[in-house]
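Single-structure report; data block below.
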Amino acid sequence: MKTIVMKFGGTSVADEERIADCAEFVRQTSETARVVTVVSAMGGVTDMLLELADAAAAGNRAVKYQLLSELRSRHERAAATLKCSETIGPLLDQLDTLVSGVAAVGELTARSRDAVVSFGERLSSVLSAAALDGRAMTGQEVGIVTDDEFGEAEPLMALSLYQVKETLQPLVERGEHVVVTGFMAATQHGVTSTIGRGGSDYTATILGAALNADEIWICSDVDGLMTADPRIVPEARLLEAISFEESLEMGQFGAKSMHPRALEPAAEHRISVRIRSTFNKDCPGTLIDEADAADHGPVRSVLMLKDCALLTIAGAAMVGRPGTAAKVFGALADAGVNIQMISQTVSEAGISVVVAGSQLARARAAVDAGLLRTKIARRVDVEEGVSVVAAVGSAMSGSPGIAAQVFSAVANEKINVESIAQGSSELSICFVVDGASGPSAVRALHRAFNLGG
Ligand code: ASP
Ligand code: MG
C-alpha cells in the first residue's frame with residue numbers, strides 16, 4: 001500500500017465545512033493508501049495571532065480583547081459542529097493565559113511569540129482530528145526537533161527524521177488517522193518553536209521523507225503550477241509535471257508561495273510532491289519530481305515579479321578592485337535587504353541589483369551610508385516600479401538560441417530590456433523591464449514558446 005502525506009493549507013481548513021470536506025478527501029484517499037495529515041492554522045489565524053502577541057506586549061487591551069474573542073468564537077463554532085468543544089475550550093484558555101502573561105510582562109521575545117503563534121496549528125489539528133475520528137499530534141510529539149532560532153527555527157534533520165519514523169510509522173501501519181500540526185515543533189529542550197511562515201509545507205516534506213512516503217500532496221486553493229499567471233495570460237495552462245529544480249526556480253517568483261526549504265527533504269529523498277486543490281479534487285494537480293523535461297520545450301513557465309526597484313551602483317573606482325561586490329552585497333545584507341537579482345558586466349563599472357519596491361528606501365540608505373560616503377561607488381541610479389520577467393525551464397540548459405528567442409520576442413513588442421541575468425545552472429533567463437511593459441513581455445514569451453498548447 002502506498003503512503004501519502006496530505007497537507008492542507010489555511011484556506012482548505014478555514015471553517016468547519018471546509019474541514020469536514022478535507023476529512024472526506026483524506027478518508028477517500030485512505031481507502032487505497034496510508035495517509036498522514038498535516039494542517040496549517042485556519043486561514044488568517046496566524047496573522048491574527050501575531051497581531052495579538054504584539055498588541056498584548058504593547059499593552060493594547062482593546063485590540064487584544066477583540067482578537068481573542070474573534071479567535072475564540074471562530075474556533076468554538078467549528079468545535080461545536082465537529083464535536084470537540086471539550087478539547088478546544090482548554091486550548092483557548094491556555095492561549096488566554098499565555099497572552100495575559102505577555103501583557104503582564106509587557107514584552108515579547110521571539111520565543112514567546114512562537115508559543116502564541118503555535119496555537120493556530122494546535123487548534124486546527126484538533127478540529128481536523130475530530131472530523132476524522134483520528135488523533136491530533138504536535139510537531140514536537142511526532143519528533144521534529146529544531147534549533148532555537150525562534151520564528152525561523154531550522155529542524156535538526158537527521159534526528160527529526162529518525163524520531164518521526166519511530167513515532168509515526170507504527171501508528172500509520174495500524175491505520176490510525178494522525179493529524180500533525182504544521183509549522184510548529186520544539187527545540188531539544190522542549191521549547192515550542194516555529195519553522196518560518198508557510199512552514200506547514202516543510203513539516204509535510206519532513207514527514208514524507210521520514211516515512212519514505214510515495215507522494216506528498218500539498219493541498220491548497222490552487223489547481224497546481226501554471227505556465228503563467230492566468231490573470232496575465234488567459235490561455236495559461238496547468239503544468240502536469242515539472243522537476244524539483246524547475247519548481248525551486250519558480251518558487252522564487254511566488255508561483256505558489258511554498259516555504260523556501262520545503263522541497264529539500266523531498267528532493268533529497270526522491271519523493272514526489274503533488275500540488276493540488278481541495279476545491280477541485282478531480283484535478284490531479286502538478287507533480288514535482290525528478291522527471292526529465294526532455295519531451296517538453298525548453299521553457300516551461302513564464303513568471304513575473306512586479307513592484308521591484310533596480311539599483312545600479314556605478315563608478316570607475318570599482319573597476320578591477322577585488323572585494324567591491326562583497327562590499328555592495330554586505331552593505332545591503334547588513335541593512336536586511338533581500339536581493340532578488342544581480343548583474344554586472346565585464347567592464348566592472350557598475351553592479352545592478354533588483355530589490356522589492358518595499359525595501360527600496362532601506363536599500364538606498366544602505367548604499368548612501370556604506371558605499372557613496374565611503375567613496376567605494378560614485379553614483380547610484382535607481383529605477384522604481386520595474387518588473388522582473390523570467391523564463392524558466394531546465395531543458396534550456398545546453399540548448400543554444402533560447403536567449404535569442406526570448407529577447408527577440410520581447411523586442412518584437414518594442415519593449416526595452418534594462419538588465420539581464422542568467423545563472424550558470426541555465427534554469428532561467430531573467431530580465432528587467434519597466435512595470436507597464438511587464439505583462440506584455442510575459443504574454444510575448446508565452447506565445448513565442450507556445451506554452452498555451
Ligand atoms: N500557519 C503558518 C503560516 O501561515 C504556516 C503555514 O500555513 O504553512 O505561515
Ligand atoms: Mg499558510
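First listed ligand is number 1; within each ligand, the first listed atom is number 1.
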| request: Out of Glu121, Met184, Lys7, indicate the one that has the non-hydrogen atom closest to atom 2 (C) of ligand 1. | output: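 Looking at heavy atoms only, the winner is Glu121.
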
| Check: Asp201 N/O within less than 3.5 Å of ligand 1 N/O |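 No, since none of the N or O atoms of Asp201 sits under 3.5 Å from an N or O of ligand 1.
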
| More than 12 heavy atoms from other groups under 6.0 Å of CD on Glu149 |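 Result for CD/Glu149: open.
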
| task | Report, as yes or no, whether the 6.0 Å neighbourhood of atom CD on Gln94 holds more than 12 heavy atoms from other residues, nucleotides or ligands. | result |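 It does: Gln94 CD has more than 12 such atoms within range.
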
Atoms in ligand 1 flagged as close to [X], the criterion being non-hydrogen separation under 4.0 Å:
| X | result |
| --- | --- |
| Ser40 | 6 (C), 7 (O), 8 (O) |
| Arg197 | 3 (C), 4 (O), 9 (O) |
| Ser200 | 5 (C), 6 (C), 7 (O), 8 (O) |

| message | Under a plain distance cut-off of 3.5 Å, with no hydrogens placed, do Thr227 and His446 share a side-chain donor-acceptor pair? | response |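 A pair is found: one side chain offers a donor N or O, the other an acceptor, under 3.5 Å apart.
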
| request: Starting at CD1 of Ile144, measure out to CE of Met137 and round the result to the nearest 0.5 Å. | output: 10.5 Å

| query | Does Tyr65 have Arg61 sitting over its ring (NZ/CZ under 6.0 Å from centre, angle to axis within 45°)? | reply |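 No, Arg61 does not lie over the aromatic ring of Tyr65.
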
| request: Taking the six-membered ring of Phe8 (Phe, Tyr or Trp), confirm whether the NZ or CZ of Arg18 is under 6.0 Å from its centre and within 45° of its axis. | output: no

| contact_flag Gly120 ligand 1 heavy-atom lt 4.0 Å |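 It does not, in that no heavy atom of Gly120 comes within the 4.0 Å cut-off of ligand 1.
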
| request: Please verify whether a non-hydrogen atom of Gly198 lies at under 4.0 Å from ligand 1. | output: yes

